[in-house]
2 protein chains.
Amino acid sequence: MLAFCGQDKSSVDSNGRVKFSPRTCSDFKNRCNGEVVLHCLSEGALAVYPEEIYMQMRRAETRPAEKAGSSLVFRRNLRRFGSLSSSEKVSAQGRITIPSGIRKMLDLTPGEEIVVVGAEIGVEIWNAARWDDEIEKINSHAEEKGEREMKADLDYSEGSAGGRE
Amino acid sequence: MLAFCGQDKSSVDSNGRVKFSPRTCSDFKNRCNGEVVLHCLSEGALAVYPEEIYMQMRRAETRPAEKAGSSLVFRRNLRRFGSLSSSEKVSAQGRITIPSGIRKMLDLTPGEEIVVVGAEIGVEIWNAARWDDEIEKINSHAEEKGEREMKADLDYSEGSAGGRE
DNA sequence: GTATAATTTGGATTATTCTGGAACATATTG
DNA sequence: CAATATGTTCCAGAATAATCCAAATTATAC
């Protein structure tokens, strides 16, 4: 059975909390016993990853201390992941509290309509309006890519009489 | 005997559910005991694949966590497959529920006329009007390709008297 | 240092939606 | 024409979502 998939509409409660669907809850329960990392993405959503997944993501950075001494780009990268990530635990009621510092940044303030989106390795929490923009971008990109593939298929047959294979 | 072939007209019930034909039901029963993955395609239909088929499709992605940390394209890909896919089980009555989040996106809202189309590795659920457009596109593409092939065949014989082979 | 207030957290209750199944109607085949 | 298989509709039970409230912890002021 697929983990971390689908979309769930929800909202931020008056205390800045979000409740996950039962599906998502059990996915987190199974994978990491509810131990997650919240990470603020530059595209404007809050990623929620099992702790282990986040560790893998950061393990990609090797020898950070050495690089940090000489590279501003690298220091800013450490800073970005450090300041915009934090550990949380999904509560017994299946809720997490969004850190107040990043609520305004992501339009996830109390009362806002949100969408919890599966991303295979974890989920993402989007402001509903922002998600509409994002899915539109994703779809139009995929469409354009498809159109180009169809065009290439026609051009291909022109170049090789008898067709492919 | 061919699996996942042909077309069946049907409709979406008041609760957003679709009933498969007995043929399609037994195809899913045989292949995957009814465990399927629904995936929203960019061309505007809902693909229904046996879970194993979908897993093969996605196994192409290796080391997803590491790539996700540094690539927007990669994150959007995870997001696309994650948010637009979900596990379902064909019920004892041969029905599946279309996730509400993707109903509007695909014009598969309650009451809509639909067509369940065989696609060899699984089936696709199309809004009836959209399916008419799609089959038109498929046919005209094939026609155009045929025309170009015939033309290329002429050009070929021009260059080498005696024809090919 | 203590008491009060405010904020946060966890839980329980109520209302709504969803799911599965049964019953009935329709179509098809022998 | 009858019998079987299929499609459709409707309803009851269950699961889920939303709201509200109480307890606890923290912060602040005196």
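Naming: A, B, ... by sequence-line order, numbering from 1 per chain.
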Touch class at under 4.0 angstrom, heavy-atom based, for A:Lys19 against every strand present: nothing

Whole-Å gap separating C1' (D:dC11) and CD (B:Gln93): 14 Å

Approximate separation, where rounding is to 0.5 Å, of A:Glu61 CD and B:Ser70 OG: 8.0 Å

Distance, rounded to the nearest Å, where B:Ile98 contributes CD1 and C:dT19 contributes C1': 15 Å

Per B:Arg17 side chain, nearest of listed nucleotides D:dA18, C:dT9, D:dC10: D:dC10

Separation of C:dT16 C1' from A:Lys9 NZ (nearest whole Å): 17 Å

Length of the line joining A:Asp8:CG and D:dT16:P, which is rounded to integer Å: 11 Å

Whichever of B:Phe20 and A:Phe20 has its nearest DNA chain D nucleotide further upstream toward 5': B:Phe20

Candidate nucleotides C:dG20, C:dG21, D:dT16, ranked by approach to the side chain of A:Pro22 - the nearest: D:dT16

Atom-pair distance (CG on B:Asp13; P on D:dC11), nearest Å: 15 Å

Whole-Å gap separating P (C:dT8) and CZ (A:Arg95): 14 Å

Listed nucleotide nearest any side-chain atom of B:Asn15, set C:dG10, C:dT19, C:dG21: C:dT19

Aromatic plane relationship, B:Tyr54 with B:Tyr49 - under 30° parallel, 30 to 60° tilted, over 60° perpendicular: parallel

Enclosure of A:Arg31 CZ (heavy-atom neighbours >12, cutoff 6.0 Å): no

Separation of C:dT19 C1' from B:Ile96 CD1 (nearest whole Å): 14 Å

Min side-chain heavy-atom separation A:Arg59-A:Gln56 under 4.5 Å: yes

SB check A:Glu43 A:Arg130 (cutoff 4.0 Å): no

Selection from C:dG20, C:dG11, C:dG21 that lies nearest to any side-chain heavy atom of B:Ser91: C:dG20

Spacing of A:Arg103 atom CZ relative to C:dT7 atom P, expressed in whole Å: 12 Å

Among C:dT9, C:dG10, D:dC10, the nucleotide that comes nearest once only the side chain of A:Thr97 is considered: C:dT9

